[in-house]
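Beneath this line is the structure, given in structure tokens, with notes to follow.
Convention: sequence-line order gives letters A, B, ...; per-chain numbering from 1. Computed from a prediction, not measured in an experiment: that's the story for all the values here.
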Amino acid sequence: MHILVCDGTGCRSSQSGLISEMFRDELLRKGLKNEVQVIRTGCFGFCEKGPIVKILPDNTFYTQVRPEDTAEIIDEHIIKGRKVTRLLYLDPDTQEYVSDSKHMGFYKKQLRVALRNCGLIDPENIDEAIARDAYQALGKVLSEYTPEQTIDIIKRSGLRGRGGAGFPTGLKWEITGKNPADRKYVVCNADEGDPGAFMDRSILEGDPHSVLEAMAICGYCIGASNGLIYVRAEYPLAVKRLKVAIEQAHQYGLLGEHIFGTDFSFDIKLRYGAGAFVCGEETALIHSMEGKRGEPTNKPPFPSQSGYLGKPTNVNNVETFANVPVIILKGAEWFSSIGTEKSKGTKVFALAGKINNVGLIEVPMGTTLREIIFEIGGGIKNGKKFKAIQTGGPSGGCLTEKHLDTPIDYESLTAAGSMMGSGGMIVLDEDDCMVSVAKYYLGFIVEESCGKCAPCRIGNKRLYEILERITKGKAVPEDLDKLRNLCNVIRDTALCGLGQTSPNPVLSTLNNFIEEYEEHVFEKKCRSGQCHDLLYYVIDEEECTGCGACKRVCPVNAISGEKKQPHIIDQKICIKCGSCMEKCQFDAINLKNEYKSTTVSV
Amino acid sequence: MSTKTNTENHIANECPYNGSLPEVEVKIKLTADKIEKIDAICRSFDNDPGELINVLHETQSEFGYLPAEVQDVIAQNLRIPVAQVYGVVSFYSFFTMTPKGEHPISICLGTACYVRGSEKILEEFKKELKIEVGETTPDGKFSINCLRCVGACGLAPVVMVGERVFGRVSPEGVKQIIAEYNN
């Protein structure tokens, strides 16, 4: 028997490390140490219900396990064979407990290709990865295929870059392969900077060998013997597991000199990011790896011509690499049978925000947003109304109800005004103000712009200021036109991908939620009550006892009223400091997004 | 190779404008063993300028921050202008030139945390500790920082104190977190 304990970031943060320790201790005490194995795995994806514990071979899926539950699981399940019902997943629709993850709404529609080993193997044990076919594809490629044949397989599979832009992977390899040079490099872009995205992190933490193997295959194809992984310093666990994986692969001769006894040698080194979003852009990433400021440069020359240290460099994203070994083993036809006409295979998404099942999901391309949000995601939290879904991070846009039935692929998302991006999906509900959301992303861009080109450095700052005026109720009608014009200019003139896509959150909300912008500008009203400056402190006549405490504390004498009579706030004088609300002992003062003008004293 | 004993001399030699400035900031003198430590870190990367970021990572984990004096020594070792070192230090948000508190508090402002109210949590921390983002309390106990996404979106909003992660934090829970570290 096996007890799998999720050791992904989410579950780890809620004490899964302690849980696996306690399982081990308890097994030792019960003398079952040799019969039952405790394995710390990568992310299961169902982060909302973490920490996750899975028992094999009967596939029992326990959710929200606490350290004190471990003894009961051992006593009841392992020894007596009775499932601990209260820890099983409760289906919110049927109100029945589900023990096998296969039957859970969250997993039913998923197809795990890139995440195939996450939550199954111990990522720090290469034997477990090998038992799940790791390095078989590398062996097959080295013994059976020429580089050209291998590139052809990848090309025919239709695999496209999962980092955002969707460039065909096989073609990229071919171009880099054809550029003659004494030295070439394979680079894995693991600088996952999108806030709310943790796909790459989960792959690196749950199945690092899939990435190492694919990098070696790429090296064989393009004629490189050096690989570099550029990983965020914010991901200490991923860094640790990569280090362990590289060392173990070396011990097994799967990296290093003369792999599988052939002439092919390949080694991988780690390079660390230092907290700069722009370094996800490949030219910036290369400069950062060279120890410089991570500023992007004009393309051409493309990295495939002149990249790291001026040598041809092939840069792919983590998830792209994770797909490669399966394609080699199962064939291009198998892979291209999944997905839509132009986007093949599956895509991993990090589902977060106001959704019931926050987590990591992998679905075939062409799945609709409705399936993702309402079937896999389990709908909106607290029964609220769905408003929008933000895809593609700060470079993407917001999609609305009318896009719910669009099958997702690179083209359809772009056509709808957003983009695939790396795969972050943030669900927003009726309580979210779309102007504030756009402002949030712009704030991020302003902070992360490297400052090299004027449209991005200055333009985005101006965009942010206009949005700030709108949310503060100080905007004039012309600001809306200015906003749109400026967005277009930045999109057309910025130097790199970061700048060119930075206005997307504004443009897509302008297109889909223009009425909210207009309300802010013309009526000075925020319908979701998020913009503090557009709210009013109003005294509830029914609750007010007329004690006068608010009147005394008001610094601008905006409150009037007779003793023991309901008081009123003069909105023209009120500076919205909130002192009155804090002082009121009867909860009679509330924030409202509109007020009846009749109650205002003259 | 390096025979530095006093970084001050070195700066005075390299920066002719230093003396003419009306107020010269008092430099912290690095002790010889600290300089030796930096030298050792640089040596472990073969004094290769291409390894600058790795050198800075190691140095920061040793010293907790990267003051100007430390950058001087690194620049000398790697044989690059100190402006280049400073350029890199100031470019990346991970590097800091001011020491952090004993318990560095990081509030995640990633999108998932943002839509679940992390801004209110940040406000609460600022109010309770009476410091701004990037500052340290006068007693050196706490500092506040913002970060973007630690990948624990299922637990949003998330706060990190040192290495420890607090999930599903409410504005009311802020006091508890601070109290836990104040004893």
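Contacts with chain A were tallied for Asp48(B), Ile80(B), Asn54(B), Leu78(B); Asn54(B) has the most, counting heavy-atom pairs under 4.5 Å. Taking Gly359(A), Ala274(A), Ala352(A) one by one and counting their heavy-atom pairs under 4.5 Å with chain B, the maximum is reached by Ala274(A). When Ala152(B), Ala112(B), Ser93(B) are compared by the number of non-hydrogen pairs under 4.5 Å with chain A, Ser93(B) comes out ahead. The candidate with the highest count of non-hydrogen atom pairs below 4.5 Å against chain B, out of Gly196(A), Gly424(A), Pro236(A), Cys47(A), is Gly196(A). Contacts with chain B were tallied for Tyr440(A), Phe198(A), Tyr235(A), Tyr272(A); Tyr440(A) has the most, counting heavy-atom pairs under 4.5 Å. Your options are Arg271(A), Lys354(A), Arg12(A), Glu192(A), and the one with the most heavy-atom pairs under 4.5 Å with chain B is Arg271(A). Note on Arg232(A), Gln390(A), Met199(A): by heavy-atom pairs under 4.5 Å with chain B, the leading option is Arg232(A). When each of Leu109(B), Val158(B), Leu56(B) is checked for heavy-atom pairs under 4.5 Å with chain A, Leu109(B) comes out on top. Heavy-atom pairs under 4.5 Å with chain B peak, among Ser13(A), Ala276(A), Ala350(A), at Ser13(A).
Of the candidates Asp431(A), Leu428(A), Val427(A), Asp429(A), Leu428(A) is the only one forming a side chain to side chain contact (heavy atoms under 4.5 Å, CB included) with Val115(B).
The backbone N or O of Gly353(A) sits less than 3.5 Å from a side-chain atom of Arg116(B), completing a donor-acceptor pair. Listed for the Tyr114(B) side chain is no donor-acceptor partner under 3.5 Å among the backbone atoms of Pro195(A).
Contact of the Ile53(B) side chain with the Ser288(A) side chain is registered, since non-hydrogen atoms from C-beta on lie closer than 4.5 Å. Annotation: side chain of Phe444(A) is not in contact with side chain of Thr111(B) (no heavy-atom distance under 4.5 Å).
For Glu447(A) and Arg148(B), the salt-bridge test passes: some basic side-chain N is under 4.0 Å from an acidic carboxylate O.
The minimum heavy-atom distance between Gly294(A) and Tyr92(B), with the atom names listed, is N-OH, 3.0 Å. The shortest non-hydrogen separation linking His57(B) to Ala233(A) is CE1-CB, 3.5 Å.
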* Asked: Please walk me through it: do Arg168(B) and Glu48(A) pass salt bridge (Lys or Arg N to Asp or Glu O under 4.0 Å)?
  -> CA-CA 11 Å; Arg168(B) 300 198 174 100; Glu48(A) 181 74 37; 3.7 Å; yes
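Heavy-atom contacts from other residues, nucleotides or ligands closer than 6.0 Å to OH of Tyr86(B) number 12 or fewer. Counting non-hydrogen atoms of other residues, nucleotides and ligands closer than 6.0 Å to NZ of Lys37(B) gives a total of 12 or fewer. Heavy atoms from other residues, nucleotides or ligands lying under 6.0 Å from NZ of Lys127(B) number 12 at most. Atom NZ of Lys381(A) has more than 12 neighbouring heavy atoms from other residues, nucleotides or ligands inside a 6.0 Å radius. For Gln176(B), the CD atom sits in a loose shell: 12 or fewer heavy atoms of surrounding residues, nucleotides or ligands are nearer than 6.0 Å. Around the CD atom of Glu119(B), the shell of radius 6.0 Å holds no more than 12 heavy atoms that belong to other residues, nucleotides or ligands.
At a 4.5 Å heavy-atom cutoff, the contact between Cys450(A) and chain B is made by backbone and side-chain atoms alike. Only the backbone of Ile355(A) comes within contact range of chain B, judged by heavy atoms closer than 4.5 Å. Both the backbone and the side chain of Arg293(A) come within contact range of chain B, each with at least one heavy atom under 4.5 Å from a heavy atom of that chain. Contact annotation for Ser202(A): neither backbone nor side-chain heavy atoms come within less than 4.5 Å of a heavy atom of chain B.
Between the CG atom in Leu351(A) and the SG atom in Cys153(B) there is a gap of 10.0 Å [rounded to 0.5 Å].
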